[in-house]
Amino acid sequence: MVTTEIELFNIQRKFTSIVKNAIDIGEMLHISGAQVSRVEDTISRICYAYGAERVDVITITSLIIVTVIPNNGEAITQTRRITAQSKNMSKLDALNALSREICETLPESEFIEARLEKIKKMPSIPIWLIAASEIIVACGYSIFFGGSWLDVLATVPVALIIFLAERIFSKIHTNRIVHFLITSFIAGAVSVLMLH
């Protein structure tokens with residue numbers, strides 16, 4: 001059976017929309033704290049569920065690149081830059097459920113976009129709770145590596161400064177290497193100061 005140009009055009013248009021939706025889900029997964037392999041797997045599964053012949057996904061901490069070859073179509077490549085990071089397990093769970101539902105039911109693009117908007121509007125974790133958890137984890141590491149109770153107390157301001165620096169740099173969108181370099185220097189300086 002010969003595929004006409006109109007059918008090829010419709011296949012390309014359909015898969016362009018599918019790839020966009022898959023990357024939207026992958027981006028939100030990545031921002032919400034999913035592992036890189038999970039992001040790649042989810043995007044691949046969604047594209048294969050809609051009948052892609054081949055899917056290649058590369059995800060790093062700041063970028064997602066997807067190339068999909070639909071049946072009887074030309075390769076479609078889309079790229080997405082990731083600029084934000086925030087852990088949110090509720091959103092992660094909702095996105096995983098949505099991706100499973102997409103693979104099972106193959107809904108239209110409008111349905112997926114509406115569900116993504118609902119997930120985007122889910123409440124975030126309060127900032128004080130994030131700060132408290134990061135301080136508790138840092139104190140736990142201090143104890144784990146043989147620190148005394150004085151070391152644990154000294155860990156609190158260092159963890160708080162790292163937390164604040166992370167928030168400040170994430171808002172001004174600096175280069176991540178510069179961001180980590182400055183944050184590490186400040187944390188090291190405060191640590192030495194606390195030691196004295």
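Please read these numbers as outputs of a predicted model, since none were measured by experiment.
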- Message: Which heavy atom of T42 sits nearest to which heavy atom of S99, and what is that distance?
- Response: CG2-CB, 3.6 Å
- Side-chain heavy atoms under 4.5 angstrom apart, residues restricted to Ile, Leu, Val, Met, Phe, Trp, Tyr: same cluster for M89 and M122? yes
- Any chance CZ of F180 has more than 12 other-residue heavy atoms, nucleotides or ligands included, within less than 6.0 Å? yes
- Task: Locate the shortest heavy-atom distance separating C47 from V55; write the atom from each residue and the value.
- Result: CB-CG2, 3.5 Å
- Item | Close side-chain approach of L63 and R80, heavy atoms under 4.5 Å | no
- Show your reasoning for whether side-chain contact (heavy atoms from CB on, under 4.5 Å) applies to L106 and Y50. CA-CA 7 Å; L106 306 178; Y50 280 94; 3.8 Å; yes
- I64 vs Q78 side-chain heavy atoms within contact, under 4.5 Å: no
- Message: With rounding to the nearest 0.5 angstrom, report the CD1 to CD1 distance, I82 to I31.
- Response: 5.5 Å
- Query: Side-chain donor-acceptor pair under 3.5 Å between S109 and E113, yes or no?
  - Reply: yes
- Looking only at heavy atoms, the pair that brings G26 and V39 closest together is O-CG1, 3.6 Å
- Message: Quick check: closest heavy atoms across I119 and M28, and the distance to 0.1 Å?
- Response: CG2-CE, 3.6 Å
- Query: Can you find a pair of side-chain heavy atoms, one from V68 and one from R54, that are under 4.5 Å apart?
  - Reply: no
- Query: Side chains of R38 and L92: closer than 4.5 Å at any heavy-atom pair?
  - Reply: no
- Message: Within the 4.5 Å heavy-atom criterion, are N96 and L29 side-chain neighbours or not?
- Response: yes
- Taking all atoms of both residues into account, what is the closest heavy-atom pair of T155 and C139, and its distance? CG2-N, 3.8 Å
- Query: Are the side chains of I69 and F15 in touch, meaning some heavy atoms are under 4.5 Å apart?
  - Reply: no
- Does anything in residues 92-111 pair up under salt bridge (charged side-chain N to carboxylate O under 4.0 Å, His left out), and if so which pairs, sequence neighbours excluded? E101-R115
- Query: Do Q12 and P70 come close enough that some side-chain heavy atom pair is under 4.5 Å?
  - Reply: yes
- Quick one: closest heavy-atom pair of Y48 and E53, and the distance? CE2-O, 3.9 Å
- Message: Can you classify the ring geometry of F145 versus Y141 as parallel (below 30°), tilted (30 to 60°) or perpendicular (above 60°)?
- Response: parallel
- Interatomic distance, CD@E134 vs CG@L160, rounded to 0.5 Å, equals 10.0 Å
- How about S62 and I60: do any of their side-chain heavy atoms sit closer than 4.5 Å? yes
